[in-house]
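When a ligand or atom number is given, it counts from 1 through the structure's own listing order. Keep in mind that this is a model prediction, so the values were computed, not measured.
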Amino acid sequence: KKITVTVIKADVGGFVGHTSVHPELLEKARGVLSGSPLLIDFHVTSVGDDINLIMTHELGRNNGEIHKLAWDTFVACTEVAKKLKLYGAGQDLLADAFSGNIKGLGPGVAEMEVEERESEPIVIFMADKTEPGAWNLPLYKIFADPFNTIGLVIDPKMHCGFTFEVRDLIENKKIMFNAPEDIYDMLVFIGAPGRYAIKRIFHRETGQIAAVSSVQRLNLIAGRYIGKDDPVCIVRCQSGYPAVGEVLEPFAHPHLVSGWMRGSHSGPLMPVSLKDARPSRFDGPPRVVALGFQLADGKLIGPQDLFDDPAFDRAREMANLIADYLRRLGPFEPHRLHLDEMEYTTMPMVMQKLKDRFIDLRLAKAQKAQKEKGGA
Ligand code: 13P
Ligand code: 13P
Ligand code: MG
Ligand code: MG
Ligand code: MG
């Protein structure tokens with residue numbers, strides 16, 4: 001029997017501002033999902049201002065009914081958000097109506113279909129105030145770096161390595177890389193997480209799915225800047241896959257990700273428990289939560305709030321130090337993102353206003369030379 005784990009997330013209104021989700025929305029979401037005969041089990045949670053629907057079923061990936069259920073849930077939550085006048089009600093629902101598959105309509109989706117093993121531990125990562133490429137560095141470390149994952153060296157079932165599916169989010173292309181032999185080539189791409197994002201990872205010997213992330217880019221869908229696509233990622237653990245502790249280990253060192261205030265800043269990704277997943281300082285810094293579940297015939301046994309561990313206190317401290325440092329740079333790069341990555345940019349407006357005050361130096365020089373030639 002194959003079980004599909006589907007995680008679909010959306011921001012349909014923030015409480016207060018962009019910091020969190022109002023409990024009434026979560027209640028509504030639970031109400032809608034519990035009424036559905038399609039699901040084996042579900043868990044509704046939130047990280048920052050994003051609602052995450054974690055669902056299990058037997059209908060496979062890209063199932064229209066499951067996607068519609070998620071869409072209808074978000075629509076129902078949007079009604080509540082509108083009633084409470086929450087901030088940005090319906091923010092991530094870009095289409096007027098559902099049309100077959102939720103991909104491309106705004107919400108983020110990560111799904112994997114698995115033949116449930118004798119024991120099937122999974123970790124679901126959910127981040128707010130960042131983008132899908134934020135998983136590149138940790139996924140690389142988990143599945144390709146022996147300094148992070150000793151299992152790549154000493155577990156005979158992992159020694160063969162993993163295959164990475166990388167997406168070009170601008171040109172909508174994909175390419176497969178095998179670790180370890182292709183890692184130098186792969187890093188050329190995944191080191192640019194604003195454009196190239198790891199979509200899926202497979203076990204090389206079995207071909208089985210190991211990890212999957214949501215890689216939607218809202219602004220490309222909408223054709224305008226409308227916020228970063230706070231991403232989710234599902235990772236299978238143990239017995240041929242990295243141990244839970246190997247999967248969490250990269251987050252002990254908070255790496256810099258794009259997002260934070262107005263989706264236009266670089267900041268450290270802080271690993272937090274659910275209760276601390278309410279980014280407020282400068283709308284951040286970006287947060288990541290890790291929930292662990294054991295699948296049991298599709299039932300979600302859990303969650304275990306995995307960053308609720310004092311062993312991650314130092315990472316949080318380091319993230320706060322990095323945040324202090326970066327905030328001092330104010331509107332300067334590299335705290336503020338590079339121009340073409342900024343979400344709320346005033347550049348065209350300011351440029352238009354000042355266009356007559358710009359002097360073209362090459363033109364001025366040519367005119368001067370012309371004049372001198374004429375005078376001679
Ligand atoms: P235990 O001995 O606690 O089961 O741990 C085994 C293991 O693989 C830890 O990564
Ligand atoms: P969200 O993408 O989480 O809604 O954040 C947007 C924003 O502008 C934060 O300052
Ligand atoms: Mg928001
Ligand atoms: Mg968000
Ligand atoms: Mg967002």
Side-chain angles (χ1 to χ4, degrees), residues 7-26 29 44-54 70 73-74 77-78 80-82 84-94 105-110 124-135 169 193-194 197 213-222 224-233 256-272 274 276-289 291 323 326-327 330-331 335-337 341-346:
V7 182
I8 305 189
K9 51 95 18 197
D11 174 350
V12 295
F15 170 64
V16 170
H18 290 284
T19 59
S20 80
V21 175
H22 192 280
E24 265 192 54
L25 272 65
L26 297 176
V44 173
T45 190
S46 62
V47 171
D49 58 1
D50 297 294
I51 299 174
N52 298 277
L53 312 177
I54 301 167
T73 305
F74 292 133
C77 292
T78 300
V80 181
K82 281 184 174 155
L84 301 176
K85 298 184 76 173
L86 299 182
Y87 192 69
Q91 176 176 290
D92 286 353
L93 304 185
L94 302 179
L105 304 186
V109 188
I124 299 177
F125 290 104
M126 293 160 281
D128 188 39
K129 305 298 179 269
T130 185
E131 61 181 9
W135 306 128
L169 303 181
S213 70
S214 61
V215 294
Q216 284 71 31
R217 276 204 49 170
L218 285 178
N219 49 32
L220 294 180
I221 297 167
R224 61 195 153 90
Y225 290 107
I226 50 145
K228 285 261 182 276
D229 319 310
D230 308 314
V232 294
C233 181
L256 292 180
V257 297
S258 297
W260 207 344
M261 174 58 75
R262 296 166 188 272
S264 304
H265 293 79
S266 182
L269 186 60
M270 183 189 268
V272 292
L274 279 170
D276 291 326
R278 283 164 306 179
S280 65
R281 180 186 181 186
F282 199 56
D283 285 3
R287 301 299 152 100
V288 57
V289 165
L291 294 189
L326 286 171
R327 282 302 304 126
H335 179 32
R336 198 203 67 183
L337 294 182
E341 277 193 86
M342 290 221 300
E343 301 217 326
Y344 296 77
T345 169
T346 46

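Residues Glu24 and Leu84 have side chains in contact (heavy-atom distance under 4.5 Å, counting atoms from C-beta outward).
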**OP:** Could you give me the CA-CA distance, side-chain angles and deciding distance for Glu131 and Asp229, then say whether side-chain contact (heavy atoms from CB on, under 4.5 Å) is met?
**Re:** CA-CA 5 Å; Glu131 61 181 9; Asp229 319 310; 5.5 Å; no
Subject >> Verdict with reasoning, His265 to Asp283, per side-chain contact (heavy atoms from CB on, under 4.5 Å) >> reply: CA-CA 11 Å; His265 293 79; Asp283 285 3; over 6 Å; no
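Numbered from 1 in the order shown, with element, the atoms of ligand 2 that lie under 4.0 Å from a heavy atom of Gln91 read 4 (O). The Asp128 neighbourhood of ligand 2 comprises atoms 3 (O), with distances under 4.0 Å to a heavy atom of that residue. Residue Trp260 has at least one heavy-atom neighbour below 4.0 Å for each of these atoms of ligand 2: 9 (C), 10 (O). Close approach of ligand 2 to Met261 is summarised as follows: ligand atoms under 4.0 Å from at least one heavy atom of the residue are 10 (O). Under a 4.0 Å criterion applied to the non-hydrogen atoms of Lys129, ligand 2 contributes the atoms 1 (P), 3 (O), 5 (O), 9 (C).
Residues passing the side-chain contact (heavy atoms from CB on, under 4.5 Å) test with Ser20, sequence neighbours excluded: Phe15, Arg278. Take Ala29 and apply the side-chain contact (heavy atoms from CB on, under 4.5 Å) test, not counting sequence neighbours, and it matches Val44, Leu53, Thr73, Cys77.
Within the 4.0 Å heavy-atom shell around ligand 2 one does not find Phe282.
Here the N, O or S atom of Asp50 that is nearest to the Mg ion (ligand 4) is OD2. Among heteroatoms of the N, O or S kind in Asp230, OD2 lies nearest the Mg ion (ligand 4). If you look at Asp49 and ask which of its N, O or S atoms sits nearest the Mg ion (ligand 4), the answer is OD1. Nearest N/O/S atom of His18 with respect to the Mg ion (ligand 3) is recorded as ND1. Counting just the N/O/S atoms of Asp11, the one with the shortest distance to the Mg ion (ligand 3) is named OD2.
Looking only at distances, no side-chain donor or acceptor of Arg287 sits under 3.5 Å from a matching main-chain atom of Val47. Without hydrogens or angle criteria, Asp230 side chain to Asp128 main chain gives no donor-acceptor distance under 3.5 Å.
Residue side and main chain included, Asp128 places an N/O/S atom under 2.8 Å of the Mg ion (ligand 4).
Remark: ligand 2 and Asp11 share an N or O pair separated by less than 3.5 Å (distance only, no angle test).
For Tyr87, the OH atom sits in a loose shell: 12 or fewer heavy atoms of surrounding residues, nucleotides or ligands are nearer than 6.0 Å.
The proximity of His18 to ligand 2, defined as any non-hydrogen pair under 4.0 Å, is limited to the side chain.
Using the six-membered ring where Trp is involved, His335 and Trp260 have ring planes that are perpendicular, over 60° apart on the 30 and 60° scheme.
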